Enquirer: 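One structure, as structure tokens, below. Some questions next.
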There are 2 protein chains.
Amino acid sequence: MNDVVLVLSGLDPCGGAGLVADIESINQFGVTPLVITTNLTVQNTVSIESLVEVDCGLIVKQFKHLQADIDFKVVKIGLLSSIKQIKTIAKLVKNKTIILDPIVKSSSDCDFLDHALIDALKQYLLPLAKVITPNLSELKILADEQDEQKAIKKLFCNWILLTKTDSSDDVIEHCLYRHGILIQSFIYKKLSGSYHGSGCTLSSVISTLIALGLSVEIACKRALDYTYQALLNAKSIGKMQYHPNRQSPL
Amino acid sequence: MNDVVLVLSGLDPCGGAGLVADIESINQFGVTPLVITTNLTVQNTVSIESLVEVDCGLIVKQFKHLQADIDFKVVKIGLLSSIKQIKTIAKLVKNKTIILDPIVKSSSDCDFLDHALIDALKQYLLPLAKVITPNLSELKILADEQDEQKAIKKLFCNWILLTKTDSSDDVIEHCLYRHGILIQSFIYKKLSGSYHGSGCTLSSVISTLIALGLSVEIACKRALDYTYQALLNAKSIGKMQYHPNRQSPL
């Protein structure tokens with residue numbers, strides 16, 4: 001069996017988020033990660049200082065050279081930082097099974113995407129995605145709509161796994177929608193502290209389990225359980241945000 | 001406990017070698033990988049098409065931003081592609097515990113380093129390294145000496161773990177030298193097929209075990225066993241070289 005997932009995302013040197021999170025998570029399930037970096041970031045557990053976009057020509061070369069050799073079907077997309085990058089990648093991945101983590105704002109509060117980029121994301125990538133994994137603020141920005149239900153309807157994605165951290169002091173709720181209709185909700189006890197890369201972990205495990213043949217519902221449920229366990233066992237390696245421990249036993 | 005290893009190496013999109021190999025291996029031992037990419041490569045299991053060097057200014061920024069936040073002591077260095085990169089990195093890491101994988105030639109037969117680069121590696125990085133992990137052809141190039149024993153003496157490194165694949169049809173021998181004196185040799189049955197990233201796996205596991213407090217002798221022995229097991233369980237995801245399965249049980 002040839003189980004591979006291609007991830008396209010930023011490289012975070014402190015390894016909490018981005019491609020390192022993706023690689024660690026995917027590898028935990030015995031699946032092989034292929035990686036193309038979209039941005040090189042200057043980042044630690046406290047702050048994101050800057051990011052350098054990778055040239056689109058190089059991304060195309062890397063993608064085509066992989067494709068000439070390896071039969072990959074599932075692609076997870078994270079941080080993208082220009083309209084050109086969004087258009088280029090949309091063109092490359094249009095026949096793949098796409099899991100899109102629409103990173104609009106990082107957990108360290110650095111705005112990654114401006115409004116023209118959000119429009120490009122909506123126009124070129126959202127319609128191609130099988131699953132998107134926004135949090136509540138990302139959903140509202142993507143749909144340009146404050147009301148949650150209206151935002152869900154307005155986006156009309158195949159599958160939306162929505163993370164709601166602010167609706168209660170005690171719990172985090174994840175709602176799985178299919179074509180705008182709530183299919184299932186998942187509730188977890190809220191953990192104290194701040195975590196670096198929980199969203200990357202979640203979306204890459206969903207991608208991995210879909211690559212292994214699971215349904216979206218089961219993939220989302222298992223990925224949420226795994227991510228929660230990684231957060232429960234998180235490590236402190238720097239001064240601020242904790243690292244999810246993706247080496248947790250399955 | 002704050003167990004981290006910084007890796008400085010190339011990013012191989014097919015994930016057999018380079019930073020993906022390092023991340024997967026380090027994470028298997030519950031240690032956190034920090035990563036700075038030195039080169040973005042266009043690579044698959046068949047060939048290395050090209051590589052793009054990462055700007056030294058960005059590498060310095062990333063290193064300093066990590067260092068301001070995280071207390072890391074062990075650094076594993078892999079693929080470097082310019083004299084400027086070698087000098088820059090040598091200056092950054094001079095007070096760290098360095099494990100150097102002197103990548104002179106890739107397993108796909110693309111020459112990475114020219115002679116001026118080899119001289120820079122010898123002048124700036126070799127004297128700083130606690131352990132170097134060459135294969136026999138890399139040793140001979142580094143020492144500019146065909147005779148193995150003379151080459152070992154001439155380099156006069158702290159620790160050299162030498163991999164000899166060509167001395168027998170049946171076995172691979174690894175020789176561990178300290179200050180030019182053979183301390184131990186390790187013999188493994190030769191496996192058929194060609195593997196992508198075995199050297200990266202070996203050197204990153206040595207780094208990881210040294211970060212966990214093990215002696216060089218025990219770190220080398222365990223890293224060799226782990227790497228051998230990863231090769232025994234290797235996966236075929238493309239048309240040519242196999243991927244070591246670093247998710248093997250410990």
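Keep in mind the model is a prediction, meaning the values are calculated, not measured. Convention: sequence-line order gives letters A, B, ...; per-chain numbering from 1.
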Enquirer: Might you confirm whether atom NZ of Lys64(A) has over 12 heavy atoms from other residues, nucleotides or ligands at distances under 6.0 Å?
Expert: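 Open.
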Enquirer: Any donor-acceptor pair under 3.5 Å linking the side-chain atoms of Lys235(B) with those of Thr32(A)?
Expert: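 Distance-only check passes for Thr32(A) and Lys235(B).
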Enquirer: Tell me, side chain or backbone of Val31(A) under 4.5 Å from chain B's heavy atoms, or both, or neither?
Expert: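 For Val31(A), the backbone is the part near chain B, not the side chain.
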Enquirer: Between Gln28(B) and Gln28(A), is there a side-chain heavy-atom distance shorter than 4.5 Å?
Expert: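 A side-chain contact exists here, since the closest heavy-atom pair is under 4.5 Å.
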Enquirer: Counting heavy-atom pairs under 4.5 Å with chain B, which one of Pro33(A), Ala68(A), Gly16(A) comes out on top?
Expert: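 Greatest number of close heavy-atom pairs with chain B: Pro33(A).
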Enquirer: Hey, what do you get for OG (Ser50(A)) to CD (Gln62(B)), rounding to the nearest 0.5 Å?
Expert: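 Ser50(A) atom OG to Gln62(B) atom CD measures 8.0 Å (nearest 0.5 Å).
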Enquirer: Do other residues, nucleotides or ligands put more than 12 heavy atoms under 6.0 Å from Lys87(B) NZ?
Expert: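 It does not: Lys87(B) NZ has 12 such atoms or fewer within range.
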Enquirer: For chain A, which candidate among Glu49(B), Lys61(B), His243(B), Glu24(B) shows the most heavy-atom pairs at distances under 4.5 Å?
Expert: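 If we count pairs closer than 4.5 Å to chain A, Glu24(B) comes out on top.
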Enquirer: How long is the span from the NZ atom in Lys239(A) to the CG atom in Asp71(B), to the nearest 0.5 Å?
Expert: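 Atom-to-atom, Lys239(A):NZ and Asp71(B):CG are 9.5 Å apart.
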Enquirer: Would you say that Thr37(A) contacts Leu11(B) through its side chain, given a criterion of any heavy-atom pair below 4.5 Å between the two side chains?
Expert: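 Sidechains of Leu11(B) and Thr37(A): in contact.
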Enquirer: Please state whether the side chain, the backbone, both or neither of Asp12(A) comes within less than 4.5 Å of a heavy atom of chain B.
Expert: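 Contact with chain B is through the backbone of Asp12(A) alone.
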Enquirer: Heavy atoms only: give me the nearest Leu34(B)-Ile237(A) pair and the separation to one decimal.
Expert: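 Scanning both residues completely, I find the closest heavy atoms to be CD2-CD1, 3.9 Å.
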Enquirer: State, with a plain yes or no, whether a side-chain heavy atom of Ile23(B) is found less than 4.5 Å away from one of Asn27(A).
Expert: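 No. Closest side-chain heavy atoms not under 4.5 Å.
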Enquirer: If you count heavy-atom pairs under 4.5 Å between each of Val52(B), Leu19(B), Leu40(B) and chain A, which one has the most?
Expert: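 Heavy-atom pairs under 4.5 Å are most numerous for Leu40(B).
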Enquirer: Find out whether Cys14(A) and Asp69(B) are in side-chain contact, i.e. whether some heavy atom of one side chain is under 4.5 Å from a heavy atom of the other.
Expert: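 Of all side-chain heavy-atom pairs linking Asp69(B) with Cys14(A), none is under 4.5 Å.
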Enquirer: Quick check: closest heavy atoms across Ile36(A) and Pro13(B), and the distance to 0.1 Å?
Expert: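 Shortest heavy-atom contact: CG1-CB, 4.4 Å.
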Enquirer: Against chain A, work out which of Asp55(B), Leu6(B), Val42(B) has the most heavy-atom pairs shorter than 4.5 Å and name it.
Expert: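 Looking at each option in turn, the highest pair count goes to Val42(B).
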Enquirer: Can you confirm whether more than 12 heavy atoms, excluding those of Lys91(B), are under 6.0 Å from its NZ atom?
Expert: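 12 or below, so no.
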Enquirer: To the nearest 0.5 Å, tell me how far His65(A) NE2 sits from Thr45(B) OG1.
Expert: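 His65(A) NE2 to Thr45(B) OG1: 8.5 Å, rounded to 0.5 Å.
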Enquirer: For Tyr228(A), is the OH atom crowded, meaning more than 12 foreign heavy atoms sit under 6.0 Å from it?
Expert: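 Result for OH/Tyr228(A): enclosed.
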Enquirer: Side chain, backbone, both or neither: which part of Val54(A) has an atom under 4.5 Å from a heavy atom of chain B?
Expert: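 It is the side chain, since no backbone atom gets that close.
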